[in-house]
Amino acid sequence: MHLTPASIDSVSATLEYLHRAVPKPVTHMLAGADGLLRETGCYAPMAVTIRDGRARADAATLDREGYQLCNAPSAMRSFEAREEIQGVYYREMEELARSVCGASRAIVFDHLVRRRTSGVNSPFGARDGHRPSTATRVHCDFTATSARRRLVLEMETRGIERVRRFAIVNLWRTTRMPILDAPLAVCDTRTVDPADLVAADIVYPNRTGEVFEVLYNPAHAWTYFHGMQFDEVLLFKQYDSAIDMPCHTPHAAFTHPATPTDTPPRESIEIRCLLIFD
Ligand code: OGA
Ligand code: FE
């Protein structure tokens, strides 16, 4: 039995930011022959205040801050079987994303089950043969270029001809236990200057993805939701083609100073979902 520490309105923590914008940072997701991960960027832990979103009177929304906590029970009892995730959980999350965002169509195209592994240098969650760990580096999953690439891929596969507006959201939940260990912090998009976002390459064996890494800006307003439960989902925006909508929500896992030492490592599932608006 693990007790939830009393919720405090805000905590002091550090987040791993990008230190310099040039040259374009490159991170290799698999270790080299010497076992070391390779990256060209320069990073620095920066002290931030992270507020508990539950302590706020007015709830944050996807269309204003760029993230939103939803009550969303799931029929899933375990996330061990890929077929069940794709067959059952994808449908549940498509329906949730579609209804929260008012989209005409929702298409889940990716998921990741994470379990924090201590002592692993894994800024984006190492994938070296084992379950990805938590992602401690501040980032946004898509740039405009990689978001558009994903849209085109889905349009070609599904024979979709025209799209007026599209967006990508993540839907993030614990697989089991309330989240006390390594919670996820999200940044209010209204406090992000476009100059804070730096395109970076993530190199996998078979492809290279483009994400944003983030330069520190004291204006950034960070939030997490204390002790997220299994029937809660955090939605956050990864891209939006509408110019008047939140677009890139920086996020990262952090060490909560009040986490009891015997707390089991965090386990979570995140879904990436493309939204199409008629
Ligand atoms: C994400 C993400 C990090 C984590 O959901 O896109 O980067 O540690 N998550 O869960
Ligand atoms: Fe991410």
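In each ligand, atom 1 is the first atom listed, and ligand 1 is the first ligand listed.
Checked options N170, T143, V169, L274; the residue passing with Q238 is N170 (criterion: side chain to side chain contact (heavy atoms under 4.5 Å, CB included)).
The Fe ion (ligand 2) lies under 2.8 Å from an N, O or S atom belonging to H139. Backbone or side-chain N, O or S atoms of E270 do not reach the Fe ion (ligand 2) at under 2.8 Å.
Atom CG of N217 and atom CG of D196 lie 4.5 Å apart (nearest 0.5 Å).
Salt bridge R150/E154: present, at least one basic N to carboxylate O contact under 4.0 Å.
Nearest heavy atom pair, residue A253 against residue R266, reads CB-NH2, 3.4 Å.
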List ligand 1's nitrogen or oxygen atoms that come under 3.5 Å of a protein nitrogen or oxygen, with the partner atom and distance.
from	atom 1	to	atom 2	distance (Å)
ligand 1	5 (O)	N170	ND2	3.3
ligand 1	5 (O)	E270	OE1	3.3
ligand 1	5 (O)	E270	OE2	3.2
ligand 1	6 (O)	D141	OD1	3.3
ligand 1	6 (O)	D141	OD2	2.9
ligand 1	6 (O)	N170	ND2	2.8
ligand 1	6 (O)	H251	NE2	3.0
ligand 1	6 (O)	R272	NH2	3.2
ligand 1	7 (O)	H139	NE2	2.9
ligand 1	7 (O)	H251	NE2	3.1
ligand 1	8 (O)	A135	N	2.9
ligand 1	8 (O)	R266	NH1	3.2
ligand 1	8 (O)	R266	NH2	2.8
ligand 1	10 (O)	R114	NE	3.4
ligand 1	10 (O)	W172	NE1	2.9
ligand 1	10 (O)	R266	NH1	2.7
ligand 1	10 (O)	R266	NH2	3.4

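Ring-plane geometry between H256 and Y224 is classed as perpendicular, the angle between the planes exceeding 60 degrees on a 0 to 90 degree scale with a lower cut at 30.
Note: H111 and Y89 fail the aromatic proximity criterion, with ring centroids not under 6.0 Å apart.
With the Fe ion (ligand 2) as the vertex, OD1 (D141) and NE2 (H251) define an angle of 90°, rounded to 10°.
With Y43 as the aromatic partner, R137 meets the cation-pi criteria of under 6.0 angstrom to the ring centre and within 45 degrees of the ring axis.
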